[in-house]
Amino acid sequence: MTEIKSPRGTADILPVEQAYWEYVRKYAGDTCHLYGYQRIDTPVFEETALFIRGVGKETEVVQKQMYTFDDNSGTSITLRPEGTAPVCRAYLEHGMHNMPQPVKLFYISPAFRYERPQLGRFRQHWQFGVEAIGEADPSLDAEIIDMAWRFYQGLGLKELSIKLNSIGCQLCRPSFLEALKSYYTKHTDKLCPECKERLTRSPLRLLDCKKLSCRELAKSAPLSSDHLCDDCKNHFSQLQHYLELLDLPFELDPCLVRGLDYYTKTVFEFLPREEGAQSALGGGGRYDNLIEELGGKHTPAIGFATGIERIILNLKKADIAIPPLPTPRVYIAYLGEQAKEEALKLAAELRQNNISAITSLGSRSLKAQMRQANTSGTAMVITIGENELKNNTVELRDMVNAEQRTIPRDEILALLN
RNA sequence: GUGGGCGUUGCCCAGAGGCUUAAGGCGCCAGGUUGUGGCCCUGGAGAUCGAGGGUUCGAAUCCCUCCGUCCACCCCA
């Protein structure tokens, strides 16, 4: 038993799990290329200021969930807690506004948040995210929701719902927040302690409190849709039109708000039909002011991100079959020291010809070698012993139908190719 | 940060103060007569019973502290 374990909320992804990971990663990449997204990789850590400015000083993430430390030069560094701000930073840093807009980028990278781990929630988790920067048209919102939907569907996660809302923009949100505040102020006696706090800090989040009494209140709370400015209203209704056009089964949810400050207009989430606690598989929204807040010129943008651990959790729950990872094609068994040398040479020769091969490497019985070949899942076993050495042949056994034949040593390569 | 459940070999788990030299299953290793896998049979290795302290003649078993883990809240992927 080792004394040092992986830090709390982190996990090793062992070989037995890798088929799931490869499946999801591969499908994510394929989907992105279908929609014209290109991969970007940003550093695991950034200057802390990026997240404070990007994500929002008052958000839970920035307030208490960041892994922040000073490096040796005294610069405050933070392990990326989310993927959007770094991508926007890269967009600005590399002058991507000079590329054809929108710039469509995707990433598959770990994110770090200091919080209590539980089902589907970790201190390090992997996010697959996409960002389309430089376009305000609601058809882009529809396209990104369509892409996320096809991605989940293609993986095999069919029982999902799409929640949709619009939380307005800088113009119309203030009046909505005022309406919310005045409504909730009348009912402070029925609010839970956390919500009393929210009333001044982040009134939007009053809407998605899960406490029963607060949910009751939320039912007759003012709706953001009643407070949208004309621009936001049009954007929202056009988006819904496009979603219908694309046959996407969205559900309007006036209580859907998201925890990061940069969202404007469109917000959406993907949830399993069977709801649980940490159920959101992914979500996203528009962030039309973020680039500007980071020092660029006004640049509308939208993004989507999903948690890979949660996807895999749901793949398992739904019993979805995953394509297995490849196993070596050939196992080379041998008997005796001289045969071993021949086996090593043959293995090298096969590999040079792109045929995957393993040898048994020890000096165990042929039976043991066969057992090992069986567990390692190779399709064939080549056996070399004294007889084969003498006759310049090998035994080639098909492990699936248990057929075996003797073939001349110099014909193996041609046979396997 | 708050509340609850649980920590026995690589994994699943029995045991609930002395009958434990801690049982069983999976997995691993070896063997079941000459150089052949999957099933079956036999044997073997592998555990300071999460850590530290206490109660007791005696603790895996009772008590305390810590740590870890799981579940829920908060928040989010």
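Just so we're on the same page: letters track the sequence lines, and every chain starts at 1. Quick note: numbers below take in every heavy atom, side chains included, and nothing from hydrogens, waters or symmetry partners.
- In this structure, A:Arg364 reaches the B:A30 phosphate: one of its side-chain N or O atoms is under 4.0 Å from OP1 or OP2.
- The local environment of OH in A:Tyr67 is crowded, with over 12 non-hydrogen atoms from other residues, nucleotides or ligands closer than 6.0 Å.
- With a 3.5 Å ceiling on both atom-pair distances, B:U21 lacks any Watson-Crick or G-U wobble partner.
- As the counterpart of B:A30, B:U42 is assigned, both hydrogen-bonding distances of the Watson-Crick or G-U wobble pattern falling under 3.5 Å.
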Result block: side-chain N/O donor-acceptor pairs under 3.5 angstrom for residues 373-384 of chain A, not counting sequence neighbours:
unit_1: A:Thr375; atom_1: OG1; unit_2: A:Arg371; atom_2: O; d: 2.8
unit_1: A:Thr375; atom_1: OG1; unit_2: A:Gln372; atom_2: O; d: 3.2
unit_1: A:Ser376; atom_1: OG; unit_2: A:Gln372; atom_2: O; d: 3.2
unit_1: A:Ser376; atom_1: OG; unit_2: A:Ala373; atom_2: O; d: 3.0

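- Using N1 to N3 plus N6-O4 or O6-N4 for Watson-Crick, or N1-O2 and O6-N3 for G-U wobble, each under 3.5 Å, B:U36 pairs with nothing.
- Base contact: A:Glu395 has a heavy atom under 4.0 Å from a base atom.
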Quick one: what's the B/S/- string for nucleotides 39-46 of chain B, heavy-atom cutoff under 4.0 Å, read 5' to 3'? --------
If you look only at distance, which donor and acceptor atoms sit under 3.5 Å apart when one is on a side chain in residues 138-150 of chain A and the other is two or more places apart or in another chain?
unit_1: A:Ser139; atom_1: OG; unit_2: A:Asp137; atom_2: OD1; d: 2.9
unit_1: A:Asp141; atom_1: OD1; unit_2: A:Arg286; atom_2: NE; d: 3.0
unit_1: A:Asp141; atom_1: OD1; unit_2: A:Arg286; atom_2: NH2; d: 2.8
unit_1: A:Asp141; atom_1: OD2; unit_2: A:His235; atom_2: NE2; d: 2.8
unit_1: A:Asp141; atom_1: OD2; unit_2: A:Thr266; atom_2: OG1; d: 2.6
unit_1: A:Asp141; atom_1: OD2; unit_2: A:Arg286; atom_2: NE; d: 3.0
unit_1: A:Glu143; atom_1: OE1; unit_2: A:Lys104; atom_2: NZ; d: 2.9
unit_1: A:Asp146; atom_1: OD1; unit_2: A:Arg150; atom_2: NE; d: 3.0
unit_1: A:Asp146; atom_1: OD1; unit_2: A:Arg150; atom_2: NH2; d: 3.2
unit_1: A:Asp146; atom_1: OD2; unit_2: A:Tyr35; atom_2: OH; d: 2.7
unit_1: A:Arg150; atom_1: NH2; unit_2: A:Leu246; atom_2: O; d: 3.4

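- Across all strands shown, B:U55 has no partner, as no Watson-Crick or G-U wobble contact with both distances under 3.5 Å is found.
- With hydrogens and angles left out, the side chain of A:Gln369 and the base of B:G35 share no donor-acceptor pair within 3.5 Å.
- When both distances must be under 3.5 Å, the Watson-Crick or G-U wobble mate of B:C66 is B:G50.
- Counting any heavy atom pair closer than 4.0 Å across all strands shown, A:Gly83 reaches no nucleic acid atom.
- Taking the P atoms as reference points, B:U69 lies 22 Å from B:C64, given to the whole Å.
- Note on residues 395-405 of chain A: pairs passing side chain to side chain donor-acceptor pair (under 3.5 Å), not counting sequence neighbours, are A:Glu395-A:Gln404, A:Glu395-A:Thr406, A:Arg397-A:Gln404.
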Side-chain atoms of residues 171-180 of chain A: list all donor-acceptor pairs with protein atoms under 3.5 Å, sequence neighbours left out, distances to 0.1 Å.
unit_1: A:Arg173; atom_1: NE; unit_2: A:Ile167; atom_2: O; d: 3.0
unit_1: A:Arg173; atom_1: NH2; unit_2: A:Gly168; atom_2: O; d: 3.4
unit_1: A:Arg173; atom_1: NH2; unit_2: A:Tyr263; atom_2: O; d: 2.7
unit_1: A:Ser175; atom_1: OG; unit_2: A:Cys172; atom_2: O; d: 3.3

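- Between the side chain of A:Glu115 and the base of B:A77 there is at least one donor-acceptor pair of N/O atoms closer than 3.5 Å.
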List the steps and the verdict of ring pair (Phe, Tyr, Trp, His ring centres under 6.0 Å) for A:Phe304 and A:Phe270. CA-CA 10 Å; A:Phe304 159 77; A:Phe270 293 85; 5.6 Å; yes
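- The side chain of A:Gln118 contributes an N or O atom lying less than 4.0 Å from OP1 or OP2 of B:A72.
- A donor-acceptor contact under 3.5 Å is formed by the side chain of A:Arg397 with the base of B:G37.
- Across the interface with RNA chain B, nearest-nucleotide mapping of A:Gln65 and A:Asn387 shows A:Asn387 to be the residue nearer the 5′ end.
- If you check every strand for non-hydrogen atoms under 4.0 Å, A:Ala111 touches nothing.
- Not counting sequence neighbours, the partners of A:Phe122 by the side-chain contact (heavy atoms from CB on, under 4.5 Å) test are A:His125, A:Glu309.
- B:A72: Watson-Crick or G-U partner is B:U2, with both key distances under 3.5 Å.
- Among the heavy atoms of the strands lying under 4.0 Å from A:Arg258 are primed sugar atoms or P, OP1, OP2 only; no base atom is included.
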